[in-house]
Amino acid sequence: RRGSCGPGEETRGATKRWKGIKWKRWSVTTPIMKPTNQKVPPDVDALIAKYGVALKASPELVDRRACVLCMREGDGNTSGVARLLNLDVDQWIHLNCALWSAEVYETQGGALINVDLAVSHGSSVTCNHCQRRGATVHCNRARCPNTYHCACALECGCRFFKDKTVLCPMHVVGAVGGTPMPPQDHLRSLAVFRKVYVQRQETKQMASIMQQGELTQGERNYILRVGALMFHAVGQLSTHQMAQFHSKSAIFPAGYKSTRIYWSKDNTRRRCKYLNSIGEQDGRPWFVTTYHSMSAKNNDDCLVTMSGHDVNEGWNEILHKLANLRSHQRMLKLFPKYINGESLFGLTSPVVCRILESLPNIELCANYKFRFGRSPVLELPLAVNPTGCARTEPHIKQCRKKPHTLISNLMSEYYESTGIGDASTSLYGKHFVHSKSSQYRRMKQEWRSNVYLARSRIQGLGLFASRDIEPGTMVIEYIGDIIRSEVAEKREKNYEAANRGVYMFRLDSDYIVDATVTGGPARYINHSCNPNCVAEVVNFEKEKKIMIISNRHILSGEELNYDYKFDFEDEGNKIPCLCGAINCRKWMN
Ligand SMILES: [Zn+2]
Ligand SMILES: [Zn+2]
Ligand SMILES: [Zn+2]
Ligand SMILES: [Zn+2]
């Protein structure tokens with residue numbers, strides 16, 4: 001026991017003395033300061049206008065984004081319906097309109113699940129307050145039919161509780177049948193200060209924009225814009241162009257068009273639009289960048305064009321001029337050395353990159369290093385065969401058969417102590433409060449929205465994540481016939497004789513799951529030495545199931561893989577590993 005003058009006591013006393021003066025404990029109930037209506041002094045306003053350094057939205061611009069549920073336009077109050085979240089291309093929903101819908105739940109990472117379900121249910125439900133459709137907030141008292149828009153529920157005096165219960169005005173006061181909720185469970189404000197978003201399928205959104213562009217022949221209603229980049233056209237690559245029209249880090253399709261908003265050469269404090277396009281000249285890519293500039297002689301607006309066979313040529317010239325201008329005016333330096341044409345063309349932007357990597361026959365770009373791989377939803381129609389004769393086109397190498405002829409072997413560490421209801425020592429227990437059996441039931445309902453099948457970057461077909469997956473999520477079950485080892489050996493020989501790929505998975509020393517004939521898509525998951533999933537045996541209602549569980553955060557579009565843990569084999573029977581991981585063991589067995 002320490003005396004009152006111990007070092008610990010002293011610091012504690014010191015911090016307490018400053019409480020409320022130097023620091024405050026923050027809580028959700030702390031009122032938020034409203035922005036004061038103090039006007040900016042006129043001289044500052046004039047200065048901003050003179051230099052054009054601060055971007056101000058013009059006052060006549062009105063936010064026309066409307067919530068799909070309550071139809072009110074623009075962002076709401078933080079403690080009301082709150083900000084608009086993006087739902088789909090040009091579709092928006094208020095954060096609290098989504099969050100308080102009966103069907104919607106929030107994951108630990110802040111993703112709102114089932115928003116689409118709430119929207120489709122709500123489209124036929126009338127609000128008790130405003131009599132319009134789109135009501136999704138239910139009174140939770142049993143048999144009460146009252147349903148509201150979130151904003152209407154707030155207006156007419158519904159009460160919100162911390163456990164996501166809502167009571168309509170009638171049941172807040174009356175509390176007939178059942179004990180009233182204790183007042184400490186009331187939610188005083190609907191304000192949400194954590195990251196919350198609607199789980200969207202971005203690749204699908206991109207695909208719908210792309211397809212729309214094709215339908216209307218360049219007259220697209222939506223422009224794909226990422227920061228200062230506007231993307232106009234993908235262009236195409238015919239097979240004879242593949243060899244020349246790419247570098248290690250970018251693909252250069254002929255017909256590609258984008259606009260880059262970048263510093264102007266006329267006024268160092270302003271930006272202007274640079275139009276980038278890729279064409280063909282002498283069988284090689286031809287890069288063109290055009291922009292408007294004031295000519296030095298007569299102050300006329302003229303169109304300047306930079307072009308060359310090298311993607312950096314035109315932009316290098318622009319960048320060096322900009323760098324000189326800036327150093328003359330003693331502005332922050334620009335270092336052209338670290339900016340390249342590929343990124344200014346937008347070719348390395350992840351969104352554009354995904355689209356380009358889905359171009360037909362893109363595998364023929366031999367030196368290009370793929371970052372995402374083909375995405376089936378983005379696939380575009382084949383480019384016209386330029387030679388008009390199929391035989392002169394280079395033959396696309398067929399992918400080798402997946403070496404599943406060996407039976408995957410689970411190490412004992414994975415199936416020890418994974419019975420459902422165990423103390424949560426296993427991976428997914430840490431992240432979720434749900435029991436494993438309820439997780440399993442949910443996975444059985446939802447796995448189709450977790451994965452899609454596509455051409456693998458490792459080998460043959462592969463399974464990909466179709467949404468962001470949190471660590472410790474049951475992604476999919478490895479389904480098949482459960483058979484004894486002896487039967488498996490016989491079947492394997494038969495399959496090999498029939499020249500079939502064999503998909504088997506060892507459950508334990510006696511039993512094997514054969515997915516060759518009856519299996520689900522989980523059998524297409526490739527091996528990796530640095531996997532993003534693990535295979536675990538889980539007992540569910542006294543049956544053994546093989547579960548593929550994520551072991552880290554997986555981004556939508558990533559290929560799923562786990563360590564096959566094949567038995568070690570002698571030379572001669574070795575299978576090379578193509579996983580491409582930094583720590584790749586070079587052999588799968
Ligand atoms: Zn709304
Ligand atoms: Zn309403
Ligand atoms: Zn009610
Ligand atoms: Zn490997």
Side-chain angles (χ1 to χ4, degrees), residues 63-87 91-102 104 112 115 118-119 122-123 125 127-130 132-161 165-178 180-181 190 192 196 198 402-403 408 456-459 462 525-533 559 561-566 568 574-589:
D63 193 350
R64 287 265 168 251
R65 298 171 303 159
C67 171
V68 289
L69 288 176
C70 69
M71 304 308 286
R72 296 174 193 217
E73 284 181 351
D75 292 319
N77 280 330
T78 312
S79 53
V81 287
R83 60 190 180 272
L84 284 166
L85 304 178
N86 183 239
L87 193 62
Q91 279 193 26
W92 304 85
I93 190 166
H94 288 118
L95 192 160
N96 279 326
C97 288
L99 188 64
W100 287 91
S101 294
V104 174
L112 298 179
V115 176
V119 172
S123 63
V125 180
C127 169
N128 281 59
H129 186 63
C130 70
R132 274 184 290 222
R133 285 168 195 270
T136 52
V137 182
H138 302 286
C139 170
N140 285 89
R141 182 68 75 210
R143 287 184 297 279
C144 175
N146 289 351
T147 309
Y148 305 90
H149 294 112
C150 181
C152 295
L154 279 164
E155 274 165 27
C156 72
C158 287
R159 186 158 284 168
F160 296 77
F161 297 90
T165 302
V166 181
L167 289 179
C168 72
M170 221 172 79
H171 290 119
V172 169
V173 201
V176 259
M181 299 279 272
L190 295 194
V192 172
V196 174
V198 181
K402 203 189 284 273
S408 314
S456 164
R457 291 160 69 189
I458 301 170
Q459 192 170 38
I525 301 177
N526 276 301
H527 159 88
S528 172
C529 301
N530 183 21
N532 52 20
C533 290
E559 179 167 0
N561 42 50
Y562 62 90
D563 193 334
Y564 282 3
K565 295 179 187 286
F566 279 152
F568 188 77
K574 284 219 175 289
I575 302 168
C577 180
L578 305 170
C579 79
I582 304 165
N583 62 340
C584 180
R585 299 189 294 262
K586 298 284 176 288
W587 304 102
M588 288 172 69
N589 53 353

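For reference, positions follow the sequence shown, starting with 1. Atoms within a ligand are numbered from 1 in the order they appear, just like the ligands themselves.
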K.L.:
Can you tell if the side chain of Asn561 reaches within under 4.5 Å of the side chain of His527, non-hydrogen atoms only?
P.N.:
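The answer is no, as the side chains (C-beta and beyond) never meet within the 4.5 Å cut-off.
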K.L.:
Is the distance from the Zn ion (ligand 1) to the nearest N/O/S atom of His149 under 2.8 Å?
P.N.:
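No, since none of the N, O or S atoms of His149 sits under 2.8 Å from the Zn ion (ligand 1).
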K.L.:
Donor-acceptor pair, Asn96 side chain versus Gly80 backbone, under 3.5 Å?
P.N.:
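Looks like yes, one N/O pair under 3.5 Å.
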K.L.:
What's the SG-the Zn ion (ligand 4)-SG angle here (Cys577, Cys584), rounded to 10 degrees?
P.N.:
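Between SG of Cys577 and SG of Cys584, the angle at the Zn ion (ligand 4) is about 110°.
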K.L.:
Name whichever N, O or S atom of His94 ends up nearest to the Zn ion (ligand 1).
P.N.:
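Result: ND1.
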K.L.:
Measure the shortest side-chain to side-chain distance between Val125 and Thr136 over non-hydrogen atoms and say whether it is less than 4.5 angstrom.
P.N.:
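In short, these two side chains do not touch, never coming nearer than 4.5 Å.
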K.L.:
Measure from the Zn ion (ligand 1) to each N, O or S atom of Cys70 and report whether any distance is below 2.8 Å.
P.N.:
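Checking Cys70: at least one N, O or S atom is under 2.8 Å.
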K.L.:
Just so I know, are the side chains of Leu190 and Trp100 near enough to count as touching, which here means a heavy-atom distance under 4.5 Å?
P.N.:
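When only atoms from C-beta onward are counted, Trp100 and Leu190 do touch, with a gap below 4.5 Å.
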K.L.:
Quick one: are Glu73 and Asp63 in side-chain contact, heavy atoms under 4.5 Å?
P.N.:
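When only atoms from C-beta onward are counted, Asp63 and Glu73 do not touch, as no gap falls below 4.5 Å.
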K.L.:
Only to 10 degrees, please: what angle do the SG atom of Cys139 and the SG atom of Cys168 make about the Zn ion (ligand 3)?
P.N.:
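With the Zn ion (ligand 3) as the vertex, SG (Cys168) and SG (Cys139) sit 110° apart.
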K.L.:
Relative to the Zn ion (ligand 3), which of the N, O or S atoms in His171 is the closest?
P.N.:
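Nearest to the Zn ion (ligand 3) within His171's N, O and S set: ND1.
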